[in-house]
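Just so we're clear, the structure is a prediction, and the values are computed from it rather than from any experiment.
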Amino acid sequence: MNPDPARPRVVMFLAEATFSHDWARAARTVADVVTVAVVRDPVSARDPWEERHGQPAVDHWVRAVRRRPGRLFFKLNAEATARRVETTLRDIERETGRRTDVLHGHFYAGSAFLPAVRRRTGIPYVVTEHSTRLTGESAPHKPLTRAGLRIASEVFGAAGRVIAVSEYLRSCIGKLGLAGEVEVIGNPIDIRMFHAPETAPTA
């Protein structure tokens, strides 16, 4: 990596979805971006990740602490995962010679460790929300629970900025009282996937 000191350093935590790579690619137009995946088993995740997304694996992998039921265990797991993330952030700083300016997470559940990382490191974070659980149209996923509502409230409350990928999602977040000002930024699109037909269609 050859970091440009004039550009902010962003560490983006990728969700297990193709569009997270699109977000990282778009962010690289304005910032130096290092990607991190927090997964239960980094070793087994590497090849399937590349196979599913057809793209190189992420820059760093962090093993998430296995979730256990209950509010207390969830908070303990988030704290333990945050410690592992903090170690990775130190590794990134050592490798690149630059401290991280901003952390960027996706989905409230996938960013549950970020409030603890902010408390431990002082690095602010933004979270981009995509989840239909917050709209009440959660199929095929499980609907929003009271525990999920608490997690979303904590993640959004400690975020420097909350981003929704649609105006409708922003309004749903507002109705739930989960965050103050929410900015709308749609999912980026890789325009290289689209091209004009070689021949004009015939009637």
Side-chain angles (χ1 to χ4, degrees), residues 7-17 19-20 22-38 62 64 67 70-83 85-86 89 99-139 141-189:
R7 290 154 59 93
R9 159 56 50 75
V10 176
V11 171
M12 185 176 294
F13 297 91
L14 300 185
E16 288 196 57
F19 59 74
S20 0
D22 294 334
W23 275 87
R25 223 179 354 255
R28 286 190 175 103
T29 64
V30 295
D32 286 322
V33 178
V34 177
T35 55
V36 176
V38 179
V62 175
R67 293 184 182 180
R71 184 178 181 186
L72 175 61
F73 279 124
F74 189 89
K75 292 187 79 67
L76 290 174
N77 292 344
E79 290 286 344
T81 299
R83 287 196 294 272
V85 168
E86 183 182 16
L89 293 175
R99 191 173 188 274
T100 299
D101 296 305
V102 179
L103 307 174
H104 188 159
H106 293 272
F107 294 97
Y108 71 89
S111 302
F113 58 87
L114 284 180
V117 174
R118 181 177 183 176
R119 288 193 299 271
R120 297 178 66 86
T121 66
I123 303 173
Y125 72 86
V126 300
V127 58
T128 299
E129 191 52 67
H130 311 256
S131 180
T132 54
R133 288 186 183 183
L134 301 178
T135 67
E137 302 162 1
S138 57
H141 306 293
K142 295 178 180 178
L144 183 66
T145 63
R146 281 185 293 181
L149 199 60
R150 286 195 299 266
I151 294 166
S153 179
E154 180 180 0
V155 170
F156 293 165
R161 181 67 59 89
V162 177
I163 300 167
V165 296
S166 71
E167 191 65 51
Y168 177 59
L169 182 54
R170 172 165 69 175
S171 70
C172 292
I173 292 171
K175 288 174 184 175
L176 289 169
L178 291 174
E181 184 178 350
V182 179
E183 184 174 350
V184 175
I185 301 177
N187 282 318
I189 298 173

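- Listed here is the closest heavy atom pair of Ser20 and Leu14: O-CD2, 3.4 Å.
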Legend entry - Derivation and outcome, side chain to side chain contact (heavy atoms under 4.5 Å, CB included), residues Trp23 and Val33: CA-CA 10 Å; Trp23 275 87; Val33 178; over 6 Å; no
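- Arg170 places no side-chain N or O within 3.5 Å of a backbone atom of Ala164 that could act as its donor or acceptor partner.
- Expressed to the nearest 0.5 Å, how far OG1 of Thr128 lies from CD1 of Ile185 amounts to 6.5 Å.
- Side-chain N or O atoms of Thr81 include none that pairs as donor or acceptor with a backbone N or O of Ala78 at under 3.5 Å.
- Between atom OG1 of residue Thr145 and atom CZ of residue Arg133 there is a gap of 7.5 Å, rounded to the nearest 0.5 Å.
- Annotation: the span from Glu129 atom CD to Thr135 atom OG1 amounts to 10.0 Å, rounded to 0.5 Å.
- Within the 3.5 Å criterion, the main-chain N or O of Phe107 finds a donor-acceptor partner in the side chain of Ser111.
- You'll find the side chain of Val62 reaches within 4.5 Å of the side chain of Val36, heavy atoms only.
- Arg9 places no side-chain N or O within 3.5 Å of a backbone atom of Thr100 that could act as its donor or acceptor partner.
- Aromatic rings from Phe13 and Phe113 are positioned such that their centres are separated by under 6.0 Å.
- When every heavy atom of Val165 is checked against every heavy atom of Val184, the shortest pair comes out as C-CG1, 4.4 Å.
- The two atoms that bring Val155 and Pro115 nearest to each other are CA-CG, 4.0 Å, heavy atoms only.
- Using a 4.5 Å cut-off on side-chain heavy atoms (C-beta onward), Val11 and Val85 make no contact.
- The number of heavy-atom neighbours closer than 6.0 Å to CZ of Arg118, taken from other residues, nucleotides and ligands shown, is above 12.
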Inset, instruction - Check the pair Leu89, Val117 against side chain to side chain contact (heavy atoms under 4.5 Å, CB included), reporting the backbone distance first and the verdict last. - result: CA-CA 10 Å; Leu89 293 175; Val117 174; 3.9 Å; yes
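- Contact record, Ala112 with Ile151: CB-CG2, 4.0 Å, taken as the closest heavy-atom pair.
- Considering all non-hydrogen atoms of both residues, Leu176 and Leu134 come closest at CD1-O, 3.6 Å.
- Atoms CD and CZ, from Glu183 and Arg161 in turn, are 5.0 Å apart once rounded to the nearest 0.5 Å.
- Distance CG/Leu114 to CZ/Arg119: 11.0 Å, rounded to 0.5 Å.
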Inset, instruction - Show your reasoning for whether side chain to side chain contact (heavy atoms under 4.5 Å, CB included) applies to Met12 and His106. - result: CA-CA 8 Å; Met12 185 176 294; His106 293 272; 3.6 Å; yes
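- Taking the six-membered ring where tryptophan is involved, the planes of Tyr108 and Phe156 are perpendicular, since the angle between them exceeds 60° and thus also 30°.
- Interatomic distance, CZ of Arg25 versus OG1 of Thr35, reported as 11.5 Å (0.5 Å rounding).
- Contact record, Thr29 with Arg7: O-NH1, 3.5 Å, taken as the closest heavy-atom pair.
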